[in-house]
Amino acid sequence: MDESQHSHSATGTLARASMADAVRFTGKVVLPMLAGGLIARRPRAMAAIERWQLDRTAVAALQRLRRRYGPGPLRLRVAGRSLVLLLAPADVQHVLAESPEPFTPASREKVGALAHFQPHGLLISRGNVRTQRRHFNETVLEADRPLHRLSESVLAKTRAEFGLVSEDAGSAGHLDWEMFSTGWWRTIRRITLGDGARDAENVTDLLGSIRADANWAYLRAARTGLRHRFLRELRTHIDAAESDSLAALLRETPAEQGVDRHGQVPHWLFAFDAAAIVAFRALALLATHPQQARQARAELAGLDLSRPQELPYLRACLLESVRLWPTTPAVLRQNITAIPWHGRMIPSGTSFLVFTPFFHRDRQTVPHAHEFAPDIWLDGRAADHPALVPFSDGAARCPGRNLVLFVAGTVLATLLQRHRFHLRAPARLDADHPLPFSLNNYGLDFAVEPIPR
Ligand code: HEM
């Protein structure tokens, strides 16, 4: 990589924020993000974040920094570390396109957090072993195929479990997070670890405890005993899983020696958690936007839902959910060598932060920033915007994207086919007002009304 290539994306000079601005940034952006739990969400903190709409405060803080210092990348000192905050879409595109080298996704912060439960995970791997793990993940998850080769069984498992969720919701007259996530995890354990793991809550609960530690990154020592117990249980399920599960594919997919097949699964389970949040929020969007709900139902009306379907409109609704409320608000990179950029030398080991809510909710570049606009994912507007990156971009783009959109789309289809949903809480979501910046998935509660067949 020569200097001209690096300076190509320059959108201003590399400015340095004042100490007061760095402190303000830490208070308004970093601390609320940490409080919400980056690795395992904290429901009480999420409720407070929603109440105070702290994501709006965070986005406003970045807008203020852009007004003050211009759109070029901004250097800040946060907790004694040098951080470069990206403020222009072109710089986001550049840094993500230049991953994994010189901008590695395995930043110090991420390694500190994720090593608690996935020391051999792809996202925190570097060099040759990263290439091998990426190839392995792409092969098993079939990153580029809208319909995974297991889509028939994924569909059957999802429809069976969410058929039960629908029945329960119908008898209770409502659907809340507890009911939704119970069905979700049964589905995910069946898809990932096989039908025998449907009720193996201990595995996902163990992972939950370790992830709670991971929220503290280096500040909390890794409980290796707990991690070994979790990995032992996980291995037992992977080895026993029947042929129509991801675990079986994992067993039979060739892998280079350093890959550690089993060691990839903790990330998958962790990431399916974010997907539950995205799907439940998408349901809230559909419940409060009649026109989009009509379009979603029209998509389903002509289809045989007992066969795998791509469901482009429902996928677009899910993409909107994760655009509006990104589940990876901090996309981090770290340069592995010193690089010239924006007219300065940036020493190796510097962290680069893409704070996605800022770009996803920026009226300057996204005119419909605060609206539910699934069409942007279908007509090319989102694809043309380099900083709408709910699944990241470049070489570390989420390899589970297609699979997870299929699972979550099937969940929505199964629910919408049987019931109409009316959001009981929170009241602040409606089609005639800008959407809130923070939405606590744990607090969503729907009244359900059966659709006569
Ligand atoms: C709605 C759900 C999901 C969202 C929003 C999401 C988002 C992301 C993002 C933003 C990244 C990149 C982070 C970065 O650039 O630093 C990523 C990476 C990754 N995701 Fe997902 N993800 C989701 C679900 C999944 C699922 C279900 C799986 C697996 C079954 C998965 C597997 C991975 C893997 C293995 C990586 C690491 C990629 C690499 O380092 O090359 N994700 N995901």
Side-chain angles (χ1 to χ4, degrees), residues 38-39 86 92-93 95-101 103-107 109-111 113-114 118 120-127 129-143 148 150 154 158 184-185 187-189 191-193 245-247 249-250 259-261 263-282 315 317-334 351-357 359-360 387-409 411-412 441:
L38 278 176
I39 305 297
L86 303 186
V92 173
Q93 185 175 33
V95 167
L96 296 184
E98 299 297 327
S99 291
E101 291 178 9
F103 299 106
T104 175
S107 68
E109 302 80 4
K110 243 186 271 176
V111 174
L114 297 182
Q118 47 159 310
H120 297 158
L122 166 60
L123 195 52
I124 54 170
S125 306
R126 291 188 185 187
V129 77
R130 175 184 166 78
T131 311
Q132 295 170 354
R133 287 178 181 156
R134 176 77 201 184
H135 178 69
F136 181 79
N137 272 271
E138 283 184 356
T139 310
V140 176
L141 300 173
E142 299 194 348
H148 193 277
L150 294 181
V154 168
T158 310
W184 178 267
W185 280 112
T187 310
I188 299 311
R189 285 189 296 261
I191 293 172
T192 312
L193 303 176
S245 61
L246 289 177
L249 276 189
L250 170 128
V259 166
D260 180 6
R261 290 185 171 87
Q264 306 310 304
V265 180
H267 186 102
W268 301 352
L269 292 174
F270 153 68
F272 269 123
D273 193 18
I277 297 174
V278 171
F280 207 45
R281 285 173 174 159
R315 278 185 187 225
C317 294
L318 290 157
L319 288 164
E320 267 300 82
S321 162
V322 69
R323 174 186 71 82
L324 289 158
W325 302 290
T327 48
T328 313
V331 175
L332 284 161
R333 294 290 181 267
Q334 186 175 311
S351 294
F352 292 75
L353 170 65
V354 179
F355 183 64
T356 49
F359 293 101
H360 292 192
L388 293 187
V389 286
F391 284 91
S392 190
D393 209 351
R397 185 183 199 212
C398 177
R401 181 177 184 271
N402 270 318
L403 175 63
V404 75
L405 289 175
F406 176 67
V407 175
V411 165
L412 292 180
N441 52 290

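Order of listing sets the numbers, starting from 1, for every ligand and every atom in it.
Protein heavy atom at the shortest distance from atom 37 (C) of ligand 1 is Leu122 CD2, 3.8 Å. Atom 5 (C) of ligand 1 has as its closest protein heavy atom Thr327 OG1, 3.3 Å. Scanning the protein heavy atoms around atom 29 (C) of ligand 1, the nearest turns out to be Trp268 CD1, 3.6 Å. The nearest heavy-atom contact from the protein to atom 13 (C) of ligand 1 is Leu123 CD1, 4.0 Å. Looking only at protein heavy atoms, the nearest one to atom 36 (C) of ligand 1 is Pro399 CD, 3.4 Å. Here the protein heavy atom with the shortest distance to atom 3 (C) of ligand 1 is Phe391 CE2, 3.5 Å.
Taking a cut-off of under 4.0 Å to the non-hydrogen atoms of Val404, the atoms of ligand 1 that pass are 27 (C). If you number the atoms of ligand 1 from 1 as listed, the ones under 4.0 Å from a heavy atom of Val322 come out as 5 (C). Heavy-atom proximity to His267, at under 4.0 Å, picks out these atoms of ligand 1: 19 (C), 20 (N), 32 (C), 33 (C), 34 (C), 35 (C), 36 (C). Near Leu141, meaning under 4.0 Å from any of its heavy atoms, are these atoms of ligand 1: 29 (C), 30 (C). Atoms of ligand 1 lying under 4.0 Å from at least one heavy atom of Ala395, given by number and element, are 41 (O).
Ser392 pairs with exactly one of Leu96, Val354, Leu123 by the side chain to side chain contact (heavy atoms under 4.5 Å, CB included) rule, that one being Leu96. Partner of Asp260 under the side-chain hydrogen bond (donor to acceptor under 3.5 Å, both in side chains) criterion, chosen from Gln118, Arg133, His120: His120. For the pairing with Pro390, the side chain to side chain contact (heavy atoms under 4.5 Å, CB included) check across Thr328, Thr327, Val331, Val322 returns one residue only, Val322.
Checking Arg130, Gln118, Arg397 against atom 39 (C) of ligand 1, the nearest heavy atom belongs to Arg130. Nearest to atom 12 (C) of ligand 1 by heavy-atom distance, out of Gly400, Ala274, Ser392, is Ser392. Evaluated by nearest non-hydrogen atom to atom 14 (C) of ligand 1, the leading choice among Arg401, Arg323, Arg333, Arg134 is Arg333. The option with the heavy atom closest to atom 2 (C) of ligand 1, from among Ser99, Ala408, Ala275, Pro326, is Ala275. Checking Cys398, Pro390, Ala271 against atom 10 (C) of ligand 1, the nearest heavy atom belongs to Pro390.
Checking side-chain atoms of Gln264 against main-chain N and O of Val259 turns up a donor-acceptor pair under 3.5 Å. Between the side chain of Ser99 and the backbone N or O of Val95 there is at least one donor-acceptor pair closer than 3.5 Å. A donor-acceptor pair is defined here as one N or O able to donate and one able to accept, closer than 3.5 Å; such a pair exists between the side chain of Lys110 and the backbone of Pro105. Counting only distance, with no hydrogens or angles, the side chain of Thr356 and the backbone of Pro329 share a donor-acceptor pair below 3.5 Å. Without hydrogens or angle criteria, Arg126 side chain to Thr104 main chain gives no donor-acceptor distance under 3.5 Å. A distance-only check finds a donor-acceptor pair linking the side chain of Trp184 to the backbone of Phe272 [under 3.5 Å]. A donor-acceptor distance shorter than 3.5 angstrom exists from the side chain of His360 to the backbone of Arg323, with no hydrogens or angles considered. Panel note: side chain Ser321, backbone Val278; a donor-acceptor pair is recorded below 3.5 Å.
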* Please lay out, stage by stage, how Leu405 and Phe391 fare under the test side chain to side chain contact (heavy atoms under 4.5 Å, CB included). => CA-CA 11 Å; Leu405 289 175; Phe391 284 91; 4.3 Å; yes
* Asked: Yes or no on side chain to side chain contact (heavy atoms under 4.5 Å, CB included) for Asn137 and Trp268, after CA distance, side-chain angles and deciding distance?
  -> CA-CA 10 Å; Asn137 272 271; Trp268 301 352; 2.9 Å; yes
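At a heavy-atom cutoff of 4.0 Å, ligand 1 is contacted by no atom of Val389, backbone or side chain. Neither the backbone nor the side chain of Gln264 has any atom closer than 4.0 Å to an atom of ligand 1 (non-hydrogen atoms only).
Proximity of Arg133 to ligand 1 is not established, as no heavy-atom distance is less than 4.0 Å.
Geometrically, ligand 1 and Lys110 share a nitrogen or oxygen pair separated by less than 3.5 Å. Annotation: Asn137 places no N or O atom under 3.5 Å from an N or O atom of ligand 1; distance criterion only.
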